[in-house]
Amino acid sequence: MTVELSFQDTGGEGTPLIVVHGLLGSADNWRSHVKLWQERRRVVAVDLRNHGRSPHSEGMSYGAMAADLLDVMDRLEIEKAHLLGHSMGGKVVISLARMAPQRVASLIVADIAPQAYGHGHDTVFAGLRNLQRGKPDNRREADALLAEHVEERAVRLFLATNLERDADGGLKLRVGLDQIEAGYEEIMQAPAGEGSFTGPVLVLRGGRSHYVPDTALPSVREVLPKAEIATLEQAGHWLHAEQPEAFQTAVNDFLDTLEE
């Protein structure tokens, strides 16, 4: 069943750019990028199911999440869009492009390949569960609870973007953690759909990330045969946060070439 996603729409003319976050992210994480992109084009940033301000729902398959995204396009009467997805969001936009290629002007896939991945979020889930049990009153307490399981401060800061105030004034998680954990096996799978998307594609990867090594490029070429591969050498997996200016430039140059 389709979930009615929350989204942020800047308005504007031309072919929109739809931005899709990764696992445990949200549209809010892209605010600074959206602010710059909206000077050039209409931007729609979405919260996937069980993330951000969107409803919680069972099932995290890429077919279901792509259908949710297509529903946003239908509600906004967007016939065709450029789709940008990071990590899990990259698999969502690849899925939509395979399922409804006529709705996709281009794809920008940030640091993910169209293949299955192994488990790698056990400490993150443990930290979030610890935070839930601890019921922190402030962000310092929340960070301490996360730190019992998550060593990297940058990752803790990212996870903390999912906190909001509850009715008692404490902090709670807004993500559907139960549903995400239950659907984690689906999240690790390859994108939905069959065949290849033959439209224009930019694959941006982090030089310090292990998500899109050279050994993954054959799978990229099979599913996205026209993909341009660009590497931000000084970035890891969160390349849009670690190298924001280089990321902006790469995206803008790619889209400008298409719209000349």
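Hydrogens, waters and symmetry mates play no part in the numbers below; they use all other heavy atoms, side chains included. Along the sequence shown, the residues carry numbers beginning at 1.
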Indicate if Phe254 and Val19 have the same hydrophobic cluster label, given that clusters are the connected sets of ILVMFWY residues with side-chain heavy-atom separations under 4.5 angstrom. yes

If two hydrophobic side chains count as joined below 4.5 Å and joins carry through other members, does Val109 share a cluster with Val104? yes

Got a sec, which residues hit side chain to side chain donor-acceptor pair (under 3.5 Å) with [X], two or more places apart in sequence or on another chain?
X      : result
Asn162 : none
Glu148 : Asn130
His149 : none
Arg221 : none

Using every non-hydrogen atom in the two residues, find where [X] and [Y] come nearest and quote the distance to one decimal.
X      : Y      : result
Val220 : Pro114 : CG2-CD, 3.8 Å
Ala250 : Leu204 : CB-CD2, 3.7 Å
Ser106 : Leu258 : CB-CD1, 3.5 Å
Met65  : Leu48  : SD-CD1, 4.3 Å
Ala67  : Thr2   : O-CG2, 4.1 Å
Ile94  : Leu224 : CD1-CD1, 4.1 Å

Output, in order, the C-alpha distance, side-chain angles, deciding distance and verdict of side chain to side chain donor-acceptor pair (under 3.5 Å) for His237 and Ser87. CA-CA 8 Å; His237 185 53; Ser87 197; 2.9 Å; yes

Quiz question: by atom type and distance under 3.5 Å, do the side chains of Tyr184 and His119 form a donor-acceptor pair? no

Short side-chain donor-acceptor distance under 3.5 Å, Ser26 and Arg53: no

[X] side-chain N/O to [Y] backbone N/O, donor-acceptor pair under 3.5 Å:
X      : Y      : value
Lys91  : His86  : no
Asn252 : Gln248 : yes
Asp168 : Gly170 : no
Arg153 : Ala147 : no
Tyr62  : Ala190 : no
Glu164 : Arg174 : no
Gln189 : Glu185 : yes
Asn50  : Leu177 : no
Ser61  : Glu186 : no

List for me each residue that meets ring-ring contact (aromatic ring centres under 6.0 Å, His included) alongside [X], sequence neighbours excluded, and say none if there are none.
X      : value
His56  : none
His21  : His51
Tyr117 : Tyr211

Residues [X] and [Y] bridged, charged N to O under 4.0 Å:
X      : Y      : value
Asp256 : Arg41  : yes
Arg139 : Asp143 : no
Glu181 : Arg129 : yes
Asp74  : Arg103 : yes

Under 3.5 Å donor-acceptor pairs involving side-chain atoms of residues 226-236, not counting sequence neighbours:
{"residue": "Lys226", "atom": "NZ", "partner": "Thr198", "partner atom": "O", "Å": "3.3"}
{"residue": "Thr231", "atom": "OG1", "partner": "Arg205", "partner atom": "NE", "Å": "2.8"}
{"residue": "Gln234", "atom": "OE1", "partner": "Arg208", "partner atom": "NH2", "Å": "2.6"}

[atom1]-[atom2] distance between [X] and [Y], expressed to the nearest 0.5 angstrom:
X      : Y      : atom1 : atom2 : value
Phe197 : Leu83  : CZ    : CG    : 8.0 Å
Asn29  : Phe158 : CG    : CZ    : 5.5 Å
Leu202 : Leu84  : CG    : CG    : 8.5 Å
Ile187 : Ile180 : CD1   : CD1   : 6.0 Å
Asp68  : Asp47  : CG    : CG    : 12.0 Å

Who passes side-chain contact (heavy atoms from CB on, under 4.5 Å) against Asp9, sequence neighbours left out? Phe7, Arg42, Val44, Leu76

Stepwise, does the salt bridge (Lys or Arg N to Asp or Glu O under 4.0 Å) test hold for Glu151 with Arg156? CA-CA 8 Å; Glu151 183 178 339; Arg156 298 200 305 271; over 6 Å; no

Can you list the residues that meet the salt bridge (Lys or Arg N to Asp or Glu O under 4.0 Å) rule with Arg31, with sequence neighbours excluded? Asp28

Salt bridge (Lys or Arg N to Asp or Glu O under 4.0 Å) partners for Glu58, two or more places apart: none

What salt bridge (charged side-chain N to carboxylate O under 4.0 Å, His left out) pairs are there with at least one residue in residues 105-119, not counting sequence neighbours? none

